[in-house]
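Right, one structure below, let's go through it.
We name chains A, B, ... by the order of the sequence lines, and we start the count at 1 in each one. If you're wondering where the values come from, they're calculated on a predicted model, not measured in any experiment.
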Amino acid sequence: MRFSLTTWNINSVRLRIDLVAKFLEEMQPDVLCLQETKCPDDAFPLKRFKQLGYDHVVLNGQKGYHGVAIVSKLPFESSDIRVFCNNLDSRHISVSFGEKAGMAVPLIVHDFYVPAGGDVPDPDVNAKFAHKLSFLDEMKTCEPLHPRGDARHILVGDLNVAPHENDVWSHKQMLKIVSHTPIECEKLLAVQSEGNWIDVARERIPLSEKIYTWWSYRAADWAASNRGRRLDHIWVSSALKDSIRDFTVTSDARGWERPSDHVPVTTVLEL
DNA sequence: ATGGTAGAGCATCTA
């Protein structure tokens, strides 16, 4: 079966529900993983998603900040929320698909919102940066993020790190900027290698080519300056490496009316 | 070297 999945840091799902609808109507992914919903669970716009054909929803929201959600055309078997850094921030949710979704072999999807880490890249003076580094360390040792053998897992989200030189507009000018410091890049790549994850973007697009999924709101003209970063990621377990059929960054979405600073990132797998 | 924007919810935090 053809299976498509999108990850998108929406920066308020309530404010941008019309943009989400526009995207879902055009792209029709089977599953959409959202971050920064900024929405308590009882205020989540469930009805709009149901109208769009996304009947199955799991939520880990909180008031004002953070928040993740997975909406799906396919029914789930189960869902789970994990706590990182002993902190109640809503930064993770996962689901499993199985027979209810027509899958004989289970598929697990993890949706993450890694802490941004503040401005100063020094854990001794910036507690937010220390939190980010600890969060990445915990992801590395988190047993459910170590798919083995034939296990079919997908890990997506706003991981808030652009790990490779061409994941940022200027490697040299970004070395001391949070999201591209060597310590963060090392730790994110350690999470990836510890779980034998395949970076779908770099499986499809060589390391020599620039890829961005985020452009700052603080640019006068985001497209003209094009100072982007690849903060949003789709990883698959090694068992799914040969199932990858497509990878798309919907950069157009950065130019939509009142956009998120992140754009949707989509993969298609043949399961 | 600096300051630049956006959202939630209503002062200030987070990004």
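Using a 4.0 Å heavy-atom distance criterion, A:Arg227 is classed as making no nucleic acid contact. Using a 4.0 Å heavy-atom criterion, one finds that A:Arg229 contacts no nucleic acid atom at all.
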**Report entry** From CA spacing to verdict: side-chain hydrogen bond (donor to acceptor under 3.5 Å, both in side chains), A:Arg229, A:Ser179
**Finding:** CA-CA 9 Å; A:Arg229 308 177 195 174; A:Ser179 73; 3.1 Å; yes
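Summarising the geometry, the separation between CD on A:Gln35 and P on B:dA6 is reported as 21 Å, rounded to the nearest angstrom. Separating the NE2 atom of A:His262 from the P atom of B:dG7 is a distance of 13 Å, rounded to the nearest angstrom. One interatomic measurement links the two molecules: OH of A:Tyr65 to C1' of B:dG7, which rounds to 10 Å at whole-angstrom precision. In this structure, A:Lys132 places its NZ atom 11 Å from C1' of B:dA15, rounding to the nearest Å. Distance CZ (A:Phe129) to C1' (B:dT14): 17 Å, rounded to an integer number of Å. Whole-Å rounding puts the A:Ile177 CD1 to B:dG4 C1' distance at 14 Å. Here the C1' atom of nucleotide B:dG4 and the CG atom of A:Asp119 are 12 Å apart, to the nearest Å. For A:Trp222 and B:dA15, the CH2 to C1' distance is 19 Å, given to the nearest whole Å.
At least one donor-acceptor pair under 3.5 Å links the side chain of A:Glu77 to the backbone N or O of A:Glu99.
Side-chain contact, A:Lys73 with A:Gln28: a donor N or O sits under 3.5 Å from an acceptor N or O.
Between A:Tyr217 and A:Asp158, the residue whose closest nucleotide on DNA chain B is further toward the 5' end is A:Tyr217. The nearest heavy atom of DNA chain B to A:Pro259 and to A:Gly117 marks one nucleotide each, and the one closer to the 5' end goes with A:Pro259.
For the pair A:Arg254 and A:Trp215, the NZ or CZ position fails the cation-pi test of under 6.0 Å to the six-membered ring centre and within 45 degrees of the ring normal.
Residue A:His66 places no side-chain N or O under 4.0 Å from the OP1 or OP2 atom of B:dA8. Phosphate contact (OP1/OP2 of B:dA8, side-chain N/O of A:Lys63, threshold under 4.0 Å): absent. Close to B:dT5, at under 4.0 Å from its OP1 or OP2, lies no side-chain N or O of A:Arg254. When the side-chain nitrogen and oxygen atoms of A:Ser216 are compared with OP1 and OP2 of B:dT5, none of them lie within a distance under 4.0 Å.
Using P as the reference atom, B:dA8 and B:dG4 are 22 Å apart when rounded to the nearest Å. Nucleotides B:dG9 and B:dG3 are separated by 29 Å at their P atoms, to the nearest Å. When the C1' atom is used for both B:dT2 and B:dC13, the distance is 23 Å, rounded to whole Å.
For A:Arg14 and B:dA8, a side-chain-to-base donor-acceptor distance below 3.5 Å is absent, hydrogens and geometry of angles not being considered.
Checked against side-chain hydrogen bond (donor to acceptor under 3.5 Å, both in side chains), A:Thr141 has no partners two or more places apart in sequence or in another chain.
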